[in-house]
*Asks:* 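The structure follows.
Counting convention: from 1, in listed order, for ligands and their atoms alike.
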Amino acid sequence: AKAMPGSGFRFFDAALAADVQARSAIENDLARAIRAEEFFLEYQPIVGVESRTVRAFEALLRWRHPEKGRIMPDVFIPAAEKTGLILPLGNWVVREACREAAAWPAPAGVAINVVGDQFKDRAFVGYVKQCLMETGLAPGRLTIEVTESVFSVDETVIRESLSELRSHGVRVALDDFGIGFSSINNLRAFPIDQLKIDRSFAQAMMESKRDADLVDIILKLGRTFQVTTTVEGIESEGQLDFIRQRGASEAQGYLISGPVAASDVMRFLSQSDDRLSA
Ligand code: C2E
Ligand code: CA
Ligand code: CA
Ligand code: CA
């Protein structure tokens, strides 16, 4: 066939159009799925390093897609953020997590992941308070997890929102700490209660002295700022021992348990009571 002048451009246009189409397909699908209530939460326990008893469960969002099956958050959260659908979806997570956690025996808490755009919606903090009131969950049993990327949203908005949540009794955790734009300044400037050390460290600290030292420093930082320190991604007894020796407060990871269905939370809590009294 004869080469068509400009066909390269046409091909490029077509690829771009297909990409745009694929993207708007997941966007439309997301909007539909929110209406159809295809989302649900799983809960991963966070335990005290010494006691091994459950302190809280982190709520992790899943999408039960009618054709594609279960879709994980790394796939759809970015799309939800891009389209603004993170606002209704994020609100749904807050309400659902509060509702489910209110049925758990105190003091077991619940932690939810919140992104910067949710704070741009000035109604968000009020919405959280309203969910606490309506479900009867004590504010001290709720933790809001944010990553350091929230600080790229208007600093004043973030500072005010986090302060207001904390003065209401809600806890604030800095998630995935140690990677990306970690800064001691974030600890100084923003009110937080907990540092969650990124799970990449759990592996790296066993393999390199430098990473072990870094974990040590972060744990010391946590003590200096008097915040709870939680190490994510604990998969072996060796890792748990390691962080126990270095004074971490809490552990989360497959060694303790992966995320479980909401219906298994109560069973998990009573089993860990058995373990404790055994
Ligand atoms: P994250 O907040 O860092 O959540 C922890 C992720 O690590 C979860 O993946 C969890 O299943 C996984 N994990 C837990 N223990 C281990 C372990 O021992 N080893 C390994 N290799 N992985 C472990 P998941 O559920 O796929 O969530 C991925 C990310 O999606 C979360 O990372 C969080 O950033 C985001 N996400 C989940 N739910 C929500 C939500 O409701 N809202 C928002 N905005 N983001 C969410
Ligand atoms: Ca998290
Ligand atoms: Ca994390
Ligand atoms: Ca993460």
Side-chain angles (χ1 to χ4, degrees), residues 30 33-34 38-47 54-64 70-101 109-121 124 127-128 131 142-150 153 171-180 182 192-206 218 228-240 242-243 248 250-262 268:
L30 263 173
I34 294 171
E38 289 172 3
F39 294 92
F40 65 102
L41 296 174
E42 287 191 323
Y43 293 96
Q44 186 178 31
I46 299 169
V47 300
V54 179
R55 300 242 181 115
F57 290 87
E58 179 175 359
L60 295 161
L61 188 58
R62 278 89 180 85
W63 179 0
R64 194 187 292 108
R70 158 194 288 242
I71 308 180
M72 300 302 274
D74 286 336
V75 177
F76 62 82
I77 293 285
E81 286 191 70
K82 208 171 299 169
T83 55
L85 288 168
I86 192 67
L87 299 185
L89 189 54
N91 281 354
W92 180 84
V93 170
V94 172
R95 178 167 294 276
E96 183 72 356
C98 290
R99 191 182 66 78
E100 294 189 309
V110 69
I112 61 180
N113 294 285
V114 173
V115 296
D117 284 347
Q118 292 177 266
F119 291 103
K120 283 192 209 152
D121 169 10
F124 179 70
Y127 183 79
V128 172
C131 289
L142 177 66
T143 300
I144 300 284
E145 295 191 4
V146 299
T147 67
E148 284 167 301
S149 68
V150 294
V153 175
R171 293 167 45 85
V172 174
L174 202 45
D175 199 4
D176 299 347
F177 191 78
I179 58 165
S182 290
I192 62 154
D193 303 279
Q194 181 181 0
L195 269 188
K196 295 190 78 177
I197 302 174
D198 189 74
R199 70 166 180 261
S200 58
F201 284 98
Q203 192 165 355
M205 70 187 184
M206 305 302 280
I218 297 173
T228 303
T229 48
T230 307
V231 185
E232 306 182 306
I234 295 297
E235 297 179 355
S236 71
E237 291 289 347
Q239 291 169 323
L240 186 61
F242 189 96
I243 65 164
E250 299 179 339
Q252 178 178 8
Y254 295 160
L255 174 68
I256 296 107
S257 168
V260 301
F268 195 92

*Asks:* Which ligand 1 atoms are under 4.0 Å away from a heavy-atom of Gly233?
*Replies:* 17 (C), 18 (O)
*Asks:* Report whether any nitrogen, oxygen or sulfur of Thr147 sits less than 3.0 Å from the Ca ion (ligand 2) (N, O or S, backbone or side chain).
*Replies:* no
*Asks:* Under the 3.5 angstrom rule, does the side chain of Gln239 hit a backbone N or O of Ala202 as a donor-acceptor pair?
*Replies:* yes
*Asks:* Tell me the contacting part of Val114 for ligand 1: side chain, backbone, both, or neither, using a 4.0 Å heavy-atom threshold, strictly below.
*Replies:* neither
*Asks:* What's the verdict on side-chain contact (heavy atoms from CB on, under 4.5 Å) for Ile144 and Phe119, showing C-alpha distance, side-chain angles and the deciding distance?
*Replies:* CA-CA 12 Å; Ile144 300 284; Phe119 291 103; 4.3 Å; yes
*Asks:* What atoms of ligand 1 come closer than 4.0 angstrom to any heavy atom of Asp74?
*Replies:* 28 (C), 29 (C), 30 (O)
*Asks:* Ligand 1 and Leu61, any nitrogen or oxygen pair closer than 3.5 angstrom?
*Replies:* yes
*Asks:* State, to the nearest 10 degrees, the angle whose vertex is the Ca ion (ligand 2) and whose arms point to OE2 of Glu58 and OD1 of Asn113.
*Replies:* 90°
*Asks:* Counting from 1, what ligand 1 atoms have a heavy atom of Val115 closer than 4.0 Å?
*Replies:* 44 (N)
*Asks:* Under 3.5 Å, N or O to N or O, is Gln118 touching ligand 1 that way?
*Replies:* no
*Asks:* Hey, is Gln252 touching ligand 1 through its side chain, its backbone, both or neither, going by heavy atoms under 4.0 Å?
*Replies:* neither
*Asks:* Is Glu58 near ligand 1, meaning one of its heavy atoms is under 4.0 Å from it?
*Replies:* yes
*Asks:* Would Phe124 and Val114 count as a side-chain contact (heavy atoms from CB on, under 4.5 Å) if you check the C-alpha gap in whole Å, the side-chain angles of each, and the deciding distance to 0.1 Å?
*Replies:* CA-CA 10 Å; Phe124 179 70; Val114 173; 3.9 Å; yes
*Asks:* Of the choices Glu235, Arg199, Gln239, which has the non-hydrogen atom that lies closest to atom 6 (C) of ligand 1?
*Replies:* Arg199
*Asks:* Enter the distance from Ile234:CD1 to Ile197:CD1 here, rounded to the nearest 0.5 Å.
*Replies:* 9.0 Å
*Asks:* At a threshold of 3.0 Å, where the distance has to be below it, does the Ca ion (ligand 3) have an N, O or S atom of Glu232 nearby?
*Replies:* yes
*Asks:* Name all residues meeting the side chain to side chain contact (heavy atoms under 4.5 Å, CB included) criterion together with Glu81; count only those two or more places apart in sequence or in a different chain, and write none if there are none.
*Replies:* Ile77, Ile86, Val115
*Asks:* Atom CG of Leu41 and atom CG of Leu60: how far apart are they, to the nearest 0.5 Å?
*Replies:* 8.0 Å
*Asks:* I'd like to check the side chain to side chain contact (heavy atoms under 4.5 Å, CB included) partners of Pro78; sequence neighbours left out, ordered by chain and number.
*Replies:* none
*Asks:* Identify, by name, the N, O or S atom of Asp175 lying closest to the Ca ion (ligand 2).
*Replies:* OD2
*Asks:* Quick check: Asn113 and ligand 1, any N/O pair under 3.5 Å apart?
*Replies:* yes
*Asks:* Would you sort out whether Arg62 and Phe40 count as a side-chain contact (heavy atoms from CB on, under 4.5 Å), showing the intermediate values?
*Replies:* CA-CA 5 Å; Arg62 278 89 180 85; Phe40 65 102; 3.6 Å; yes
*Asks:* For the Ca ion (ligand 2), find the closest N/O/S atom on Glu145 and give its atom name.
*Replies:* OE1
*Asks:* Ignoring hydrogens and angles, state whether a donor on the side chain of Thr228 or Gln194 is under 3.5 Å from an acceptor on the partner side chain.
*Replies:* no
*Asks:* Where the closest heavy atom to atom 37 (C) of ligand 1 is concerned, which of Pro259, Pro73, Gly253, Ala80 has it?
*Replies:* Pro73
*Asks:* Taking only heavy atoms of Asp175 into account, list the atoms of ligand 1 that are under 4.0 Å away from them.
*Replies:* 2 (O)
*Asks:* Under 4.0 Å, heavy atoms only, figure out whether ligand 1 is touched by the backbone of Val93, its side chain, both or neither.
*Replies:* side chain
*Asks:* Under 4.0 Å from ligand 1, counting heavy atoms only, is it the side chain of Glu42, its backbone, both or neither?
*Replies:* neither
*Asks:* Against heavy atoms of Asp176, which atoms of ligand 1 measure under 4.0 Å?
*Replies:* 3 (O)
*Asks:* For the residue pair Trp92 and Phe39, categorise the inter-ring angle as parallel (less than 30°), tilted (30 to 60°) or perpendicular (more than 60°).
*Replies:* tilted
*Asks:* Using 0.5 Å steps for rounding, measure from the CZ atom of Phe268 to the OH atom of Tyr43.
*Replies:* 15.0 Å
*Asks:* Give the atom numbers and elements of ligand 1 that come within less than 4.0 Å of a heavy atom of Arg62.
*Replies:* 25 (O)
*Asks:* Under 4.0 Å, heavy-atom basis, I'd like to know which part of Leu255 is in contact with ligand 1: side chain, backbone, both or neither.
*Replies:* neither
*Asks:* From the N, O or S atoms in Asp176, identify the one nearest to the Ca ion (ligand 3).
*Replies:* OD1
*Asks:* I need the Ile46 CD1 to Arg55 CZ distance, nearest 0.5 Å.
*Replies:* 10.0 Å
*Asks:* Ignoring hydrogens and angles, state whether a donor on the side chain of Asn113 or Glu58 is under 3.5 Å from an acceptor on the partner side chain.
*Replies:* yes
*Asks:* Using modelled atom types only, decide if a donor and an acceptor are shared between the side chain of Gln44 and the backbone of Ser257 within a distance under 3.5 Å.
*Replies:* yes
